[in-house]
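Step one of this worksheet: look at the structure below.
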Amino acid sequence: MANVLYDSLFGIHHQKTSPFLHLPDGGSVSYQAFLEQAAQLAHVMSGFGLKPGDRVAMQVEKSAQALALYAACVQAGLVFLPLNTGYTVAELQYFISNSGAGLVVCDGANQDALQAMVADLGAQLATLNADGSGSLMDLAAQQPVQFETVARGADDLAAFLYTSGTTGRSKGAMLTQANLLSNAQTLAQHWRFTDKDVLLHALPIFHSHGLFVACNVSLIAGAQMIFLPRLDVDQLITRMPQATCLMGVPTFYTRLLADPRFDRDLTAHMRLFISGSAPLLADTHTAFEARTGHRILERYGMTETNMNTSNPYDGERRAGTVGFALPGVDAIVTDPDTGVELQQGEIGMVEVRGPNVFKGYWQMPEKTAAELRSNGFFITGDLGRIDEDGYLHIVGRNKDLIISGGYNIYPKEVESLLDDQPGVLETAVIGVPHPDLGEAALGLIVPAEGQTPDLEALMQAANVQLARYKLPRKLCVIDMLPRNTMGKVQKNLLRDQYADSFNS
Ligand code: MCA
Ligand code: AMP
């Protein structure tokens with residue numbers, strides 16, 4: 001048995017001395033140097049006693065070394081578990097404990113805060129800092145630069161990505177070698193990636209978009225990446241002349257459009273702009289074309305499924321749609337109550353099936369069974385319709401989810417915390433339009449009778465437990481929450497009422 005994911009993404013580049021990553025300081029890392037470092041890291045992890053199938057959790061800033069840790073996990077047959085750098089200790093504790101991670105790699109600045117908790121959970125801790133220093137790399141430097149790749153089958157796990165839900169705790173989506181590989185192959189072909197491409201990479205690498213879509217597609221094509229730590233419009237504009245492609249969430253495109261330097265001349269040589277993770281407004285699509293002459297290619301995916309649909313490369317990229325099912329993927333629209341497939345044009349639940357669809361949620365068979373049908377279709381929770389030309393339109397969500405700048409915020413998680421604070425009777429957290437983030441969280445607080453909750457204290461309490469991106473951007477005190485006859489909070493009414501909260 002081989003390790004087809006390793007061989008296809010990394011192994012093919014072993015002898016390549018050409019650049020793979022271009023770094024913010026102007027330096028670069030060749031494919032060969034990158035893979036040698038990955039091999040050293042694979043040795044370090046074997047030295048820690050990790051065995052194929054064990055989980056490696058990583059909460060670090062984006063760097064070439066962090067990406068090499070991903071390659072090392074694939075090579076050593078370990079399950080890679082990247083975590084948002086914004087997560088608090090309380091959030092991390094859950095992910096480490098639930099996944100049973102054997103090794104946690106964190107930034108040196110967080111070592112003291114995490115050490116005891118990680119040890120209590122029976123895991124080992126190593127550090128990796130944004131500049132590539134830390135105990136992990138110190139150990140790696142002493143290791144051989146070749147590592148015998150561990151054999152893995154198509155159905156073996158390659159990664160866990162945690163995704164929250166409308167109820168209960170976060171779920172570890174189990175992604176197999178075949179899930180990642182099939183999507184990388186399909187996307188690279190569909191979007192015509194080659195070794196002539198240079199991808200401008202400014203997304204985080206702890207989500208599917210920045211890691212699997214952007215990096216795997218570049219790797220499989222043998223392309224180069226300009227690897228920037230975060231979205232910084234100045235940097236994007238400065239580096240764009242060396243790039244051929246950009247992938248981003250819609251906020252990337254609205255911020256670029258807000259800069260007058262971003263124009264037709266700057267982008268004339270670019271081959272492709274891709275958007276996803278959140279709806280791209282048709283207005284942004286149109287404004288982008290008017291400014292640059294390029295039509296953004298929008299695609300649609302999920303943590304559990306990688307990418308499902310894409311607008312065409314050659315055909316019409318239709319604004320406000322996410323295109324067609326990718327080759328090998330089925331996308332259908334069903335009645336949310338009965339699961340029966342609907343007629344073209346009708347709005348219903350989007351369901352997807354294909355080699356990209358995950359294996360299930362880690363140690364949560366009931367949640368897996370509730371969302372993944374026995375016939376292989378995954379119930380996305382997105383509402384959509386397929387138009388007369390076959391383009392899929394995502395028209396809403398059948399799940400209580402806010403997508404803010406491409407990050408998911410599950411209102412229930414925030415509401416439960418706010419509900420427990422002094423002076424609060426109940427709360428509703430809703431997503432309302434935001435000019436920069438697409439959607440932002442607004443917290444509506446109903447005080448307990450005769451009390452005046454301290455809004456600042458509420459935010460502080462939430463801040464201790466939750467990553468900052470989940471915190472409502474604004475809190476408003478209101479008298480009561482509107483409810484329907486079943487007693488359910490009518491968030492649609494609240495969303496309408498507060499629609500202008502961030503636009504005025
Ligand atoms: C940062 N903050 C946010 C967000 N990002 N708040 C709400 N929503 C956000 N998206 C908060 C920080 O906690 C901080 O709070 C303050 O904003 C400034 O942080 P900074 O890092 O400077 O923010 P930024 O540079 O403005 O970042 C905005 C961003 C970034 C560029 C849109 O969030 C981003 O790169 N998003 C991409 C997310 C992504 O990759 N999603 C893919 C998911 P404070 O000031 O209080 O400390 S994968 C997926 O969805 C599927 C598979 C798919 O289809 O792709
Ligand atoms: P995540 O759980 O982070 O993987 O987020 C997946 C969700 O992002 C999907 O279920 C959709 O609701 C949303 N999403 C991703 N891409 C798009 C898109 N192009 N248009 C609209 N929604 C999208």
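Keep in mind that the numbers below use all heavy atoms, side chains included, and drop hydrogens, waters and symmetry copies. Just follow the structure's listing: the first ligand is 1, and inside any ligand the first atom is 1.
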Do [X] and ligand 2 have an N or O pair less than 3.5 Å apart?
X: Tyr410; answer: no
X: Asn408; answer: yes
X: Asp382; answer: yes
X: Thr303; answer: yes
X: Glu304; answer: no

[X] side chain to [Y] main-chain N or O, any donor-acceptor pair under 3.5 Å?
X: Arg385; Y: Gly345; result: no
X: Lys474; Y: Gly443; result: no
X: Asn311; Y: Glu298; result: yes
X: Ser416; Y: Lys412; result: yes
X: Gln59; Y: Tyr87; result: yes

With a 4.0 Å cut-off on heavy atoms, is [X] in contact with ligand 1?
X: Pro204; result: yes
X: Arg230; result: no
X: Lys470; result: no

At under 4.0 Å between heavy atoms, which part of [X] makes contact with ligand 2: side chain, backbone, both or neither?
X: Ala278; result: backbone
X: Glu298; result: side chain
X: Leu401; result: neither
X: Ser277; result: backbone
X: Met307; result: neither

Subset of ligand 1 atoms that lie under 4.0 Å from at least one heavy atom of [X]:
X: Leu203; result: 40 (O)
X: Met302; result: 52 (C)
X: Leu231; result: 31 (C)
X: Arg468; result: 13 (O), 44 (P), 46 (O), 47 (O)
X: Ser208; result: 52 (C)
X: Ser404; result: 7 (C), 8 (N), 9 (C), 10 (N)
X: Arg473; result: 2 (N), 3 (C), 6 (N), 7 (C), 11 (C), 17 (O)

Counting both backbone and side chain atoms, is some N or O of [X] under 3.5 Å from an N or O of ligand 1?
X: His207; answer: no
X: Arg299; answer: yes
X: Val249; answer: no
X: Tyr407; answer: no
X: Phe252; answer: no
X: Met307; answer: no

Option set Gly301, Gly320, Gly381, criterion heavy-atom distance to atom 6 (C) of ligand 2, minimum =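 The nearest heavy atom belongs to Gly301.
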
Nearest option to atom 49 (C) of ligand 1, as decided by whichever heavy atom of Gly301, Ser277, Ala202, Ala441 sits closest |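 Of the listed residues, Ser277 has the closest heavy atom.
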
Checking contacts now, so for [atom], which I'm interested in, is there any protein heavy atom under 4.0 Å?
atom: atom 12 (C) of ligand 1; value: no
atom: atom 33 (O) of ligand 1; value: yes
atom: atom 46 (O) of ligand 1; value: yes
atom: atom 55 (O) of ligand 1; value: yes
atom: atom 28 (C) of ligand 1; value: yes
atom: atom 18 (C) of ligand 1; value: no
atom: atom 22 (O) of ligand 1; value: no

Among side-chain atoms of [X] and [Y], is any donor-acceptor pair under 3.5 angstrom?
X: Asp419; Y: Thr427; value: yes
X: Ser99; Y: Trp362; value: no
X: Thr163; Y: Thr303; value: no
X: Gln177; Y: Tyr6; value: no
X: Asn398; Y: Asp382; value: no

Can you tell me how far CG of Asp454 sits from CE of Met459, rounded to the nearest 0.5 angstrom?
->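 Rounded to the nearest 0.5 Å, the CE-CG separation comes to 12.0 Å.
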
When rounded to the nearest 0.5 angstrom, what distance separates NZ in Lys359 from CG in Asn179?
->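 Spacing of NZ (Lys359) from CG (Asn179) equals 9.0 Å.
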
Check ligand 2 against Pro279 and write out every atom of the ligand that is under 4.0 Å from a heavy-atom position of the residue.
->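 Listed by number with element, the hits are 20 (N), 21 (C), 22 (N).
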
Find all atoms of ligand 2 within a distance of less than 4.0 Å from any non-hydrogen atom belonging to Arg397, and give their numbers and elements.
->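 With Arg397 as reference, the close atoms of ligand 2 come out as 12 (O).
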
Salt bridge flag under 4.0 Å for residues Arg397 and Glu439 |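 Looking at Arg397 and Glu439, the cut-off is met.
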
From Arg192, Gln224, Arg271, Met225, residue fulfilling side-chain contact (heavy atoms from CB on, under 4.5 Å) relative to Asp197 =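 Among Arg192, Gln224, Arg271, Met225, the one that satisfies the side-chain contact (heavy atoms from CB on, under 4.5 Å) with Asp197 is Arg271.
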
Quick one: sort the [X] and [Y] rings into parallel, tilted or perpendicular, breaks at 30° and 60°.
X: Tyr94; Y: Tyr162; value: perpendicular
X: Phe502; Y: His434; value: tilted
X: Phe227; Y: His201; value: tilted
X: Tyr70; Y: Phe10; value: perpendicular
X: Phe34; Y: Phe20; value: perpendicular

When the ring centroid of Phe80 is compared with that of Phe206, is the distance short of 6.0 Å?
->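 When the ring centroids of Phe80 and Phe206 are compared, they turn out to be at least 6.0 Å apart.
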
Run the ring-centre check on Tyr407 versus His207 and record whether the distance is less than 6.0 Å.
->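 Yes, the ring centres sit under 6.0 Å apart.
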
Give a yes or no on this: more than 12 heavy atoms of other residues, nucleotides or ligands lie within 6.0 Å of atom CZ of Arg261.
->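 More than 12 heavy atoms, drawn from other residues, nucleotides or ligands, come within 6.0 Å of this atom.
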
Looking only at protein heavy atoms, identify the closest one to atom 13 (C) of ligand 2 and say how far it is in Å.
->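 That would be Ile403 CD1, 3.4 Å.
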
For ligand 2, is there an atom lying under 4.0 Å from some heavy atom of His207?
->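 Contact absent.
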
For ligand 1, the portion of Arg255 having any non-hydrogen atom under 4.0 Å away |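 Contact part for Arg255 vs ligand 1: side chain (C-beta onward).
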
